[in-house]
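Okay, so here's the structure we're looking at.
Start at 1 with the first residue, then count along the sequence.
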Amino acid sequence: MTTTSVTSHTGFEPALSVRQVLTLERVQAGEPEVVAGAGQLDRPVRWVHVAEAADVGVMLSGGEMVLTTGVLLAGDEAKQVEYIQSLHRAEAAAVVLGLGRAFPAPPEVMRRAAERCGLPMVVLHRPFPFAELTEEVQSRLVRRKFAAVSLSETVRTALTGLITAGAPLQRLLDEVAQHSGCPVVVTNLAHRVLATAGERPAVDDVLRDWERIARQAGGSVGDGWIHAELGGRGERWGRLLLCGYRGDTATGRLLADRAAEALVLHRMLGGGSAHSWEEQSAQSLVTDLVSGVVPARQLLPRARAAGLPVNRRTFVPLVVPGGESGQLERVLRVLGLSGLVAELADGATAVLLSLARDQQAEVLAAHFAARLRTETGEPHAVVAAADPRTDWDDVPAGLREARHVADAVADSSAALDLPAVVRLRDVHLRGLIRLLRDDPQVQSFAERELDGLLCGADQELLNVLRTYLATGRNKSRTAQLHHVSRPALYRRLEAIQTRLGVDLDDFEQAASVHIALLAHDAQQG
């Protein structure tokens, strides 16, 4: 059985506050005046009682607004003090005294006692039928409770349906944000943001102030900030926050609970561990950085909230071909480095190191690559790197450069001869072609130069051409690699030259074909 909890529960029944009750039109007709406990007017009113008994406190269970004329208390100051103290012990929400024959003016003894106890005390200066007030408040409380329960069940049904359909975490949070009308944030126990939902400007406003919010997340951040713990079986592993919920507080707590229950169930049914949510968060951020669709400056609050140091830092973009995120995170921990790790769509994994300005970026990148080789047991594993960036706005270009280098490394026939940390200058022409592969003019050039070999039936000749150029036009080596005799290779090279209309013995023509082939392979990759 999994359980969730939320902050400072006073019961889940949606309640009116004392302040809200006093603003009701029927109450205003009685000319209410707060004479004590003015700082406690936000107390929830769970119910309203009309009671003249001097020992009314024993009949209460907490949260009641007690209406009285004080007829049994008049003339006895000791009883008046005891009456207030009994209400305080019973955790009553407030006491409302109708002025009249018993008390033509606010009784000073009761007022002082209520002030000492912090109990809101209100007097009504005009005669007022208490039955109208009880009817009004009770009907409103019932309606609010019904609305809250209805919303709770609607949300529960919607989230359960999404979980059953195999929806991802983000889809569940989007549903919660739609019902709550405020930003929704999921964090781990270190207050690092794992996922968010809601209108983007509102979410960004929350994340910009996240350091302050994170420090206060265990207590009261402000009105409408409601959190529910995520966990079960005695283990907590995260927290869900409704940030600035504008509805009834108790309804918000119900909504937060339903959302927390759904997230726990989502995890239990295979929707992922809290650790995988951290991976998804990093992947989403890095993907947005690489794509360039969202300006880097707008992503800065997300990076900071995810725990990446960003103030006065040097950023080193790395991409590891075939890297596993778990191994790369272990390397970061062993070296004591800060960074984001995220898997990319092509099987590579990006690592964005965040270093202090006085740390040596190239030295630490080399240490990272060396440790990776030790961790994986692969003596020829390489790390593609871009030059360090000191401006956050330059990080997306750095990540794209590192990715291009990684692509070039994956295509390189000389990968065994590459250093542990590979940069653009190490992949030479192949790296340049990778950077330019999406240029329409480069694509047109490749198609024009290779037009005679691009049909499916000529794939074997294209492979022979690729090997011949990669080996520096070494015919013996090419024949050996393709397991054919030299005369057979000569016939194939002649066919290639005839199809392309070139002389491969001419250096410039061979270089042109080689560049076109590199561009073609980069585009296909």
Side-chain angles (χ1 to χ4, degrees), residues 183 185 187-188 190-196 198-215 278-320 323 325 328-329 331-333 335-345 348-369 383-406 421 423-424 435:
V185 176
T187 74
N188 62 14
H191 307 304
R192 291 188 176 181
V193 174
L194 306 182
T196 63
E199 295 184 2
R200 196 73 253 167
V203 172
D204 288 344
D205 285 344
V206 170
L207 296 184
R208 268 190 287 272
D209 200 25
W210 187 250
E211 291 183 4
R212 179 187 67 84
I213 293 170
R215 287 195 299 269
E278 293 179 352
E279 293 174 347
Q280 291 174 35
S281 175
Q283 182 173 349
S284 173
L285 176 57
V286 171
T287 298
D288 285 345
L289 282 168
V290 172
S291 71
V293 174
V294 182
R297 185 59 50 183
Q298 293 184 21
L299 297 172
L300 191 58
R302 285 173 58 188
R304 184 182 289 110
L308 184 72
V310 295
N311 294 333
R312 297 187 57 77
R313 306 290 287 188
T314 298
F315 303 100
V316 184
L318 308 174
V319 173
V320 182
S325 59
L328 300 179
E329 287 173 352
V331 172
L332 288 179
R333 287 196 296 271
L335 297 178
L337 298 176
S338 298
L340 288 178
V341 177
E343 294 182 2
L344 303 176
T349 301
V351 180
L352 179 60
L353 297 180
S354 174
L355 308 177
R357 290 286 174 88
D358 59 352
Q359 291 181 291
Q360 295 180 307
E362 293 197 3
V363 171
L364 289 175
H367 287 171
F368 181 90
V383 174
D387 291 334
R389 264 66 176 173
T390 56
D391 190 331
W392 175 257
D393 288 338
D394 294 334
V395 168
L399 285 168
R400 289 193 289 271
E401 179 183 319
R403 190 173 185 179
H404 285 309
V405 173
V421 179
R423 293 182 171 81
L424 198 57
L435 285 174

Can you name the side chain to side chain contact (heavy atoms under 4.5 Å, CB included) partners of Asp204, sequence neighbours left out? Arg200, Arg208
Between atom CD of Gln359 and atom OG of Ser338, what is the distance when rounded to the nearest 0.5 Å? 8.0 Å
How long is the straight-line distance from CG of Leu353 back to CG of Leu332, given to the nearest 0.5 Å? 6.0 Å
All side chain to side chain contact (heavy atoms under 4.5 Å, CB included) counterparts of Glu362, not counting sequence neighbours: Arg423
If you look only at distance, which donor and acceptor atoms sit under 3.5 Å apart when one is on a side chain in residues 295-309 and the other is two or more places apart or in another chain?
unit_1	atom_1	unit_2	atom_2	d
Arg297	NH2	Asp393	OD1	3.4
Arg297	NH2	Asp393	OD2	3.3
Arg302	NH1	Asp288	OD2	2.8
Arg302	NH2	Ser284	OG	3.0

Specify the closest pair of heavy atoms between Ala202 and Pro183, including all atoms of both residues, with the distance to one decimal. CB-CG, 3.7 Å
Can you tell me how far apart CG (Leu364) and OG1 (Thr314) are? Round to the nearest 0.5 Å. 10.5 Å
Please walk me through it: do Leu318 and Val316 pass side chain to side chain contact (heavy atoms under 4.5 Å, CB included)? CA-CA 6 Å; Leu318 308 174; Val316 184; 3.8 Å; yes
Evaluate the side chain to side chain contact (heavy atoms under 4.5 Å, CB included) criterion for residues Val421 and Phe368: first the C-alpha distance (whole Å), next the side-chain angles of each, then the deciding distance (0.1 Å), finally the verdict. CA-CA 9 Å; Val421 179; Phe368 181 90; over 6 Å; no
What residues form a ring-ring contact (aromatic ring centres under 6.0 Å, His included) with Phe315, not counting sequence neighbours? Trp392
With sequence neighbours left out, write down each residue that passes side chain to side chain contact (heavy atoms under 4.5 Å, CB included) with Ser291, or none if nothing qualifies. Val293
CG on Leu328 to OG1 on Thr349, rounded to 0.5 Å: 5.5 Å
When rounded to the nearest 0.5 angstrom, what is the spacing between CG in Leu344 and CG in Leu399? 8.5 Å
Within 6.0 Å of CZ in Arg357, more than 12 heavy atoms from elsewhere: yes
Contacts of Ser325 meeting side chain to side chain contact (heavy atoms under 4.5 Å, CB included) (sequence neighbours excluded), chain-then-number -> Glu279, Val341, Glu343
Intermediate values then yes/no, side chain to side chain contact (heavy atoms under 4.5 Å, CB included), Arg389 and Arg313: CA-CA 9 Å; Arg389 264 66 176 173; Arg313 306 290 287 188; over 6 Å; no
